[in-house]
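Report on one structure; see the data block that follows.
Throughout, protein chains are lettered first and strands after them, A, B, ... in sequence-line order, and every chain is numbered starting at 1.
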Amino acid sequence: MKEIRVRFAPSPTGYLHVGGLRTALYNYLFAKKNNGKFILRIEDTDRNRYVEGAVENLINSLKWCGLTYDEGPDVGGNYGPYMQSQRLDLYKKYAEELIKNGHAYYCFCSQERLQSIREEQEKQKVPQIKYDKHCLGLSKDEIQENLMNNVPYVIRLNVIPNQKIIFQDIIRGQVEFDSINIDDQILIKSDGYPTYHMANVVDDHLMEISHVIRGEEWLSSTPKHILLYDYFNWEKPEFAHLPLLLNPDRSKLSKRQGDVAVEDYRAKGYLQSALINFVALLGWNAGDDKEFYYMNELIEKFSLERVNKAGAVFDLQKLNWLNAEHLRKIDNIELLKMLKVYLETTQYSKLNYDDEKLLSIIEAMKERVSFIHEFVDNCKYFYEEPSEYDIKSIEKNWKEDSPSLLIKFKEQIEKLNNPQKEDFEIAFNKVVEELNIGKGKLIHPLRLALTGQSTGPGMFDILIILGKEEIISRIDKAIKTIQIIKGT
RNA sequence: GGCCCUAUCGUCUAAUGGUUAGGACAUCGCCCUUUCACGGCGGUAAUAUGGGUUCGAAUCCCGUUAGGGUCACCA
């Protein structure tokens, strides 16, 4: 059997789009599943859109996602170079071959003439605006003369009209087009660079790509590619056109309506395993109820036949849920490393908490967060004393006798020497029993005094993390501050 | 506008001619917990529409509607 070879072929626009990530991922999964090769090819044939550092950025995002490729610009391979801008001679050579066979021709028409053709056709309301094949009628001598005089030219595909072009798409089944609707596509631009269609077909052939897996936006240009394969007399690859990723309003996923770059999600603290899991499920499922996947499981289960036809809305809520799920599966030692990295970027970088303390924060918060940064943002009271107290909680939980209860509790704490979690528990119970009150009467104002809010981990987890001295000082401060707030 | 693709809960989807149309996210309620979260249980919620074919249609066919893609010397 022929070797499976697939490619991800982005143009370097500056970042990796999540739609591109999904395309890359499906290519990767398909290759790995079938013991094939996954190739990265950079389609940088538009000199006007050159962006400094775009390729490096793309490669970084791909690597962060764990999509390692077998061949590519920075890793090499037997089919290189993998940057189209370094393959210009090849495209030229094949275009000239097409000219010899009559399947392509030189076109010397100016932009102005093309413009006026278009306007004229628009006026006449022709169904499909097309080039009028004017230069196809040029004699050999005229062409020679133009070339000698360095008249700028492009090379166009000579499309024969009224032919049915039929191909099988793995996802969509049979798709039919009529060549009457296909323009004499430019193959080589006047700057000598190829257009997408030319470069793509030549490279896919030369690189022995077995399956072209790409976004649906390419479906309607596939007949052009089919024509090229036929005119070259080359064997065609299999095609699979993936459904699009959509905004919540069902338009094509765009920057205007949220983040589209992989690096944005990375910067916001999304885990790569969660992003991959989420994106994999946008348009594919294994046919069962499983939704939590790691990459190796995706590889095992993936098949193109189970990819959906309809576009999928990129739903942040589900991504957030998956992120939390993935986060909870990470062991605490690993979380500790991640938390320390994050802390370095915050105002608390000079706190120098020891690992034991950070580990207990992780332990206390793990079921309550969806992101690493929430080990800090959702419980700042572990890193600094509260600067304000939740007003609703004051109204609800701060009673006349709250200060005296807290003072009683504080007195018990002051007696403790190097207290452990159980000691706090004993001290707490002692106060409650002596005063013969419900636990809530003390727990609520205590939580408010120590954290400034009414929600969070168990009280004794908070106590042990804060420690004796901090508890005492926070109780003192809270009593003073809240009395003032209540007074006004 | 031409051509092409698509259409199941708000969202992601399952059901490839016979199911009380299933699951997940979100949402609502209850339980657990003297907080919150996690967890458990339950509820609301879908086959766009009109015709066929068939004993039987979400599923096959045709029309309509709606959405999307594409029609560049961009990819």
Side-chain angles (χ1 to χ4, degrees), chain A residues 9-13 43-49 84 107 109 111 114 118 122 125-131 152-156 169 171-173 175-178 180-183 185-197 199-200 214-223 241 243-244 246 248-252 278 281-292 305-306 308-322 324-325 328 364-370 378 393 396-397 438-444 446-448 451 453-459 462:
Chain A
S11 67
T13 54
E43 309 225 321
D44 55 343
T45 56
D46 185 357
R47 289 199 292 183
N48 300 322
R49 290 214 293 184
Q84 290 186 327
C107 172
C109 290
Q111 295 284 5
L114 295 178
R118 241 172 250 139
E122 227 162 285
K125 294 215 161 73
V126 297
Q128 185 67 37
I129 293 175
K130 278 157 63 178
Y131 177 62
Y153 67 91
V154 300
I155 297 176
R156 282 183 187 274
D169 186 281
I171 294 166
R172 278 151 224 287
V175 184
E176 274 187 50
F177 290 86
D178 194 309
I180 190 82
N181 294 310
I182 300 171
D183 199 2
Q185 183 64 48
I186 289 175
L187 267 16
I188 303 287
K189 300 181 252 185
S190 58
D191 64 2
Y193 277 63
T195 56
Y196 170 85
H197 309 286
N200 194 265
R214 70 207 334 179
E216 194 192 333
E217 68 265 33
W218 295 111
L219 189 58
S220 41
S221 39
T222 304
H241 287 94
L244 259 19
L246 272 26
D249 69 358
R250 305 204 77 85
S251 57
K252 191 177 168 184
F278 175 65
L281 258 18
L282 250 27
W284 172 86
N285 75 89
D288 52 27
D289 287 340
K290 186 174 164 66
E291 300 215 75
F292 185 96
E305 285 72 21
R306 288 204 63 88
N308 282 102
K309 293 182 173 88
V313 172
F314 193 91
D315 177 22
L316 265 187
Q317 278 183 319
K318 191 145 188 177
L319 173 58
N320 290 344
W321 168 75
L322 265 177
E325 291 289 303
R328 289 190 197 109
M365 294 299 293
K366 199 170 182 177
E367 300 295 322
R368 281 162 245 266
V369 300
S370 302
N378 287 11
S393 180
K396 194 176 165 207
N397 299 318
K439 288 181 177 179
K441 270 199 87 84
L442 177 53
I443 244 177
H444 294 305
L446 180 58
R447 178 184 294 283
L448 180 61
T451 70
Q453 51 189 71
S454 61
T455 64
M459 199 63 244
I462 295 176

Let me know the distance between [atom1] of [X] and [atom2] of [N], rounded to the nearest Å.
X: Asp289(A); N: U13(B); atom1: CG; atom2: P; value: 15 Å
X: Met365(A); N: U35(B); atom1: CE; atom2: P; value: 17 Å
X: Lys441(A); N: U35(B); atom1: NZ; atom2: P; value: 16 Å
X: Lys130(A); N: U70(B); atom1: NZ; atom2: C1'; value: 15 Å
X: Leu446(A); N: U34(B); atom1: CG; atom2: P; value: 15 Å
X: Lys318(A); N: U27(B); atom1: NZ; atom2: P; value: 14 Å
X: Leu316(A); N: C12(B); atom1: CG; atom2: C1'; value: 13 Å
X: Leu442(A); N: U34(B); atom1: CG; atom2: P; value: 14 Å

Contact under 4.0 Å: Arg250(A) side-chain N or O vs G69(B) OP1/OP2: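 The answer is no; no side-chain N or O of Arg250(A) sits under 4.0 Å from OP1 or OP2.
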Under 4.0 angstrom between Asn285(A) side-chain N/O and A14(B) OP1 or OP2: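 Indeed, a polar side-chain atom of Asn285(A) lies that close.
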State, with a plain yes or no, whether a side-chain heavy atom of [X] is found less than 4.5 Å away from one of [Y].
X: Leu187(A); Y: Arg156(A); result: no
X: Tyr131(A); Y: Cys109(A); result: yes
X: Tyr193(A); Y: Asp46(A); result: no
X: Glu122(A); Y: Ile129(A); result: yes
X: Pro248(A); Y: Phe314(A); result: no
X: Thr45(A); Y: Thr195(A); result: no
X: Gln111(A); Y: Pro152(A); result: no
X: Asn378(A); Y: Arg368(A); result: no

Inter-nucleotide [atom1] distance ([N], [M]), Å rounded:
N: G52(B); M: A57(B); atom1: C1'; value: 11 Å
N: G1(B); M: G42(B); atom1: P; value: 50 Å
N: C38(B); M: A24(B); atom1: P; value: 15 Å
N: C25(B); M: A14(B); atom1: C1'; value: 15 Å
N: A21(B); M: A45(B); atom1: C1'; value: 13 Å
N: G29(B); M: C36(B); atom1: P; value: 13 Å
N: U6(B); M: U59(B); atom1: P; value: 15 Å
N: U19(B); M: G56(B); atom1: C1'; value: 14 Å

Does [X] reach a base, just sugar-phosphate, or nothing at all? Heavy atoms under 4.0 Å.
X: His241(A); result: nothing
X: Asn308(A); result: sugar-phosphate
X: Arg214(A); result: nothing
X: Gly458(A); result: base
X: Pro248(A); result: nothing

[atom1] of [X]: more than 12 outside heavy atoms within 6.0 angstrom?
X: Lys366(A); atom1: NZ; answer: yes
X: Lys189(A); atom1: NZ; answer: yes
X: Lys439(A); atom1: NZ; answer: no

Lys318(A) and Glu291(A) ion-paired at < 4.0 Å: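 The answer is yes: the pair qualifies as a salt bridge.
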N-O pairing of Glu325(A) and Arg328(A) below 4.0 Å: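 Result for this pair is yes, salt bridge flagged.
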Comparing Val313(A) and Pro127(A) on RNA chain B - which has the more 5′ nearest nucleotide: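 On the 5' side of the pair lies Pro127(A).
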First of Pro243(A) and Leu319(A) reached from the 5' end of RNA chain B, by closest nucleotide: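 Mapping each residue to its closest nucleotide by heavy atoms, the 5'-most match is Pro243(A).
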Near-ring test Trp321(A)/Phe278(A), centroid separation under 6.0 angstrom: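 Not close enough - the centres of the two rings lie 6.0 Å or further apart.
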What does the list of N/O pairs under 3.5 Å between the protein and nucleotides 38-45 of chain B look like, with a distance for each?
unit_1: C38(B); atom_1: O2'; unit_2: Glu367(A); atom_2: OE1; d: 2.6

Of the listed nucleotides A24(B), G69(B), U35(B), the one nearest the side chain of Glu291(A):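 Of A24(B), G69(B), U35(B), A24(B) is nearest to the side chain of Glu291(A).
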Is there a Watson-Crick or G-U wobble partner for [N] with both distances under 3.5 Å, and which nucleotide is it?
N: U53(B); answer: none
N: U19(B); answer: none
N: C71(B); answer: G1(B)
N: G29(B); answer: C41(B)
N: U64(B); answer: A48(B)

Under 3.5 Å between N/O atoms: give me all the protein pairs with nucleotides 73-75 of chain B, atom names plus distance.
unit_1: C73(B); atom_1: O2; unit_2: Ser190(A); atom_2: N; d: 2.7
unit_1: C73(B); atom_1: O2; unit_2: Ser190(A); atom_2: OG; d: 2.6
unit_1: C73(B); atom_1: N3; unit_2: Ser190(A); atom_2: OG; d: 2.9
unit_1: C74(B); atom_1: OP2; unit_2: Lys189(A); atom_2: NZ; d: 3.0
unit_1: C74(B); atom_1: O2'; unit_2: Asp46(A); atom_2: OD2; d: 2.9
unit_1: C74(B); atom_1: O2'; unit_2: Arg49(A); atom_2: NH2; d: 3.2
unit_1: C74(B); atom_1: O2; unit_2: Arg49(A); atom_2: NH2; d: 3.4
unit_1: A75(B); atom_1: OP1; unit_2: Thr45(A); atom_2: OG1; d: 2.8
unit_1: A75(B); atom_1: OP1; unit_2: Lys189(A); atom_2: NZ; d: 2.6
unit_1: A75(B); atom_1: OP2; unit_2: Tyr196(A); atom_2: N; d: 3.1
unit_1: A75(B); atom_1: O3'; unit_2: Glu43(A); atom_2: OE1; d: 3.3
unit_1: A75(B); atom_1: O2'; unit_2: Ser11(A); atom_2: OG; d: 3.0

Below 3.5 Å between N/O atoms, which protein atoms pair up with nucleotides 5-7 of chain B? Just atom names and distances, please.
unit_1: C5(B); atom_1: O2'; unit_2: Arg172(A); atom_2: NH1; d: 2.7
unit_1: C5(B); atom_1: O2'; unit_2: Glu216(A); atom_2: OE2; d: 3.1

